[in-house]
There are 2 protein chains.
Amino acid sequence: MPLPDNIPADMEREINEKGGIESIISNIPDEKSLEKMAGIHQALSDSIRLKIMFFLHEQRACVCLLRQITSLAYSKLSYHLKILRAADLITYEKNGNYAIYSLTDFGRFCVEKCVTASGNYKR
Amino acid sequence: MPLPDNIPADMEREINEKGGIESIISNIPDEKSLEKMAGIHQALSDSIRLKIMFFLHEQRACVCLLRQITSLAYSKLSYHLKILRAADLITYEKNGNYAIYSLTDFGRFCVEKCVTASGNYKR
DNA sequence: CAAACGTTTTAAGATAATTTGAAATACTTG
DNA sequence: CAAGTATTTCAAATTATCTTAAAACGTTTG
């Protein structure tokens with residue numbers, strides 16, 4: 001990975017002080033990790049889904065309760081739940097007719113990152 | 001916000017122990033905050049953009065250097081830079097012909113959250 | 001000032017995510 | 001087992017995001 005033909009001299013100096021461009025690149029996550037992270041952010045990139053995540057962080061819930069909280073049609077809600085499930089952020093157990101959703105450990109971890117960040121999310 | 005007509009009894013008990021559904025809802029971020037958070041996650045929901053973020057966390061860079069790192073066409077790169085700028089994750093200063101991009105404080109904060117999480121991102 | 005350079009913008013097309021309503025599933029109860 | 005309830009799936013329509021190539025912009029250099 002050569003540097004471009006011309007770059008600002010002070011930038012070039014900084015890069016050399018860090019052991020060159022290859023050395024810098026070796027510190028950034030590989031493509032597979034980046035894609036995995038991107039997928040998590042994607043799952044959390046919708047306010048409906050975030051609302052579900054934050055609610056489940058307080059209290060596990062059947063779909064009919066989530067429906068009430070979000071004022072969504074079942075089919076729409078189910079679509080969003082599926083996305084959160086696919087990202088391994090939530091899980092559920094069947095209880096008779098009910099599906100009781102709750103956060104996975106990973107989901108809990110992510111929500112708590114957001115909570116810590118919430119002051120900063122305001123910028 | 002009434003509870004649904006029928007929900008599992010043990011869930012209902014949990015909710016009452018937490019002071020009722022209204023009390024639980026009062027702990028979740030308001031719609032505006034949720035949308036802001038969703039927007040940040042959206043900006044970070046693409047592996048190209050994450051790569052740029054992680055690179056800039058190591059080293060500020062002109063667009064031509066980022067082009068080299070990402071193997072992207074300028075127009076495509078510029079599109080993604082614009083999204084990161086709009087989310088206030090990166091900024092730049094002009095230096096002659098060059099635009100030198102770097103993370104904002106907020107951007108740095110977000111990348112560092114991701115880094116801390118990277119072990120968990122693997123699940 | 002013309003040519004070159006680094007970068008951004010634009011508009012069109014391609015792809016992906018979301019919404020909607022209807023139908024399907026699966027469990028429970030009378 | 002028929003009817004009811006909770007939930008999911010499906011396919012079609014809508015909307016949002018991403019990609020591409022060409023053109024435009026502003027700065028520098030000969």
Side-chain angles (χ1 to χ4, degrees), chain A residues 3-12 34-35 38-52 56 60-87 89-102, chain B residues 3-12 34-35 38-52 56 60-87 89-102:
Chain A
L3 287 178
D5 288 348
N6 294 305
I7 64 173
D10 49 351
M11 243 184 59
E12 185 157 15
L34 292 174
E35 259 153 34
I40 303 302
H41 286 295
Q42 163 63 25
L44 296 172
S45 71
D46 181 292
S47 67
I48 290 173
R49 295 197 289 268
L50 282 178
K51 187 169 201 173
I52 294 168
L56 292 179
R60 67 196 178 122
C62 55
V63 181
C64 53
L65 178 53
L66 292 174
R67 203 192 65 63
Q68 199 109 126
I69 304 301
T70 57
S71 320
L72 258 42
Y74 271 112
S75 64
K76 189 168 175 176
L77 182 49
S78 204
Y79 167 78
H80 287 290
L81 290 174
K82 190 176 191 174
I83 287 174
L84 292 172
R85 263 188 277 126
L89 290 163
I90 65 176
T91 186
Y92 70 102
E93 52 180 45
K94 286 305 283 298
N95 178 348
N97 264 339
Y98 298 90
I100 312 280
Y101 277 86
S102 55
Chain B
L3 285 178
D5 288 348
N6 295 305
I7 63 172
D10 49 351
M11 244 185 58
E12 185 157 13
L34 291 174
E35 259 153 34
I40 303 301
H41 286 295
Q42 164 62 25
L44 295 172
S45 70
D46 181 292
S47 67
I48 290 173
R49 295 196 289 267
L50 281 178
K51 187 169 199 173
I52 293 168
L56 293 179
R60 68 197 178 120
C62 56
V63 182
C64 53
L65 178 53
L66 292 174
R67 203 193 64 61
Q68 198 109 129
I69 304 300
T70 57
S71 319
L72 258 43
Y74 272 113
S75 64
K76 190 169 175 177
L77 183 49
S78 204
Y79 166 79
H80 288 290
L81 290 174
K82 189 176 191 174
I83 287 174
L84 292 172
R85 263 190 276 126
L89 291 163
I90 66 177
T91 186
Y92 70 100
E93 51 180 45
K94 286 306 281 301
N95 178 347
N97 264 338
Y98 299 90
I100 312 277
Y101 277 86
S102 55

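Just so it is clear: chains get the letters A, B, ... in the order the sequence lines come, proteins before strands, and each one is counted from 1.
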Identify the 5'-most and 3'-most nucleotides of DNA chain C with at least one atom closer than 4.0 Å to a non-hydrogen atom of chain B.
C:dC5 to C:dT9
Over how many whole Å does the gap from A:I48 atom CD1 to D:dA16 atom C1' extend?
14 Å
Where A:C62 and B:I7 come nearest, the two heavy atoms and their spacing
SG-CG2, 4.0 Å
Return the minimal non-hydrogen interatomic distance between B:L34 and A:L50, and the atom names on each side.
O-CD1, 3.4 Å
What is the nucleic acid contact for B:Y101, judged by heavy atoms within less than 4.0 Å: base, sugar-phosphate only, or nothing?
sugar-phosphate
Between P of D:dT27 and CD1 of B:I100, the distance in whole Å:
15 Å
Tell me: NE2 of A:H80 to C1' of D:dT9, nearest whole Å?
15 Å
Whole-Å distance, B:I7 CD1 to D:dA6 P, equals 11 Å
Starting at atom CG of A:L81, determine the distance to atom C1' of D:dA6, rounded to an integer number of angstrom.
13 Å
When rounded to whole Å, the CZ to P distance for the pair A:R67 and D:dT5 reads 13 Å
Under 3.5 Å donor-acceptor, B:S45 side chain and B:Q42 backbone
yes
Rounded to whole angstrom units, what separation is found between the CD1 atom of A:I83 and the C1' atom of D:dT8?
14 Å
At what distance, to the nearest 0.5 angstrom, does CG of A:L84 lie from CG of A:L56?
8.5 Å
Could you check whether any side-chain N or O of A:R60 sits under 3.5 Å from a backbone N or O of A:S102, counting only pairs where one atom can act as donor and the other as acceptor?
no
Rounded to the nearest 0.5 Å, the CD1 atom of A:I52 sits from the CG atom of A:L44 at a distance of 11.0 Å
Closest-nucleotide 5' rank along DNA chain D - winner of B:K76 and A:K76:
A:K76
Modelled atom types, side-chain donor and acceptor of B:R85 and B:Y101, under 3.5 Å
yes
Answer with base, sugar-phosphate or nothing: what part of the nucleic acid does B:Y98 contact at a heavy-atom distance below 4.0 Å?
sugar-phosphate
Quick one: B:M11 CE to D:dA6 P, roughly how many Å, whole number?
12 Å
5' precedence on DNA chain C between B:Y74 and A:G96 (nearest-nucleotide basis):
B:Y74
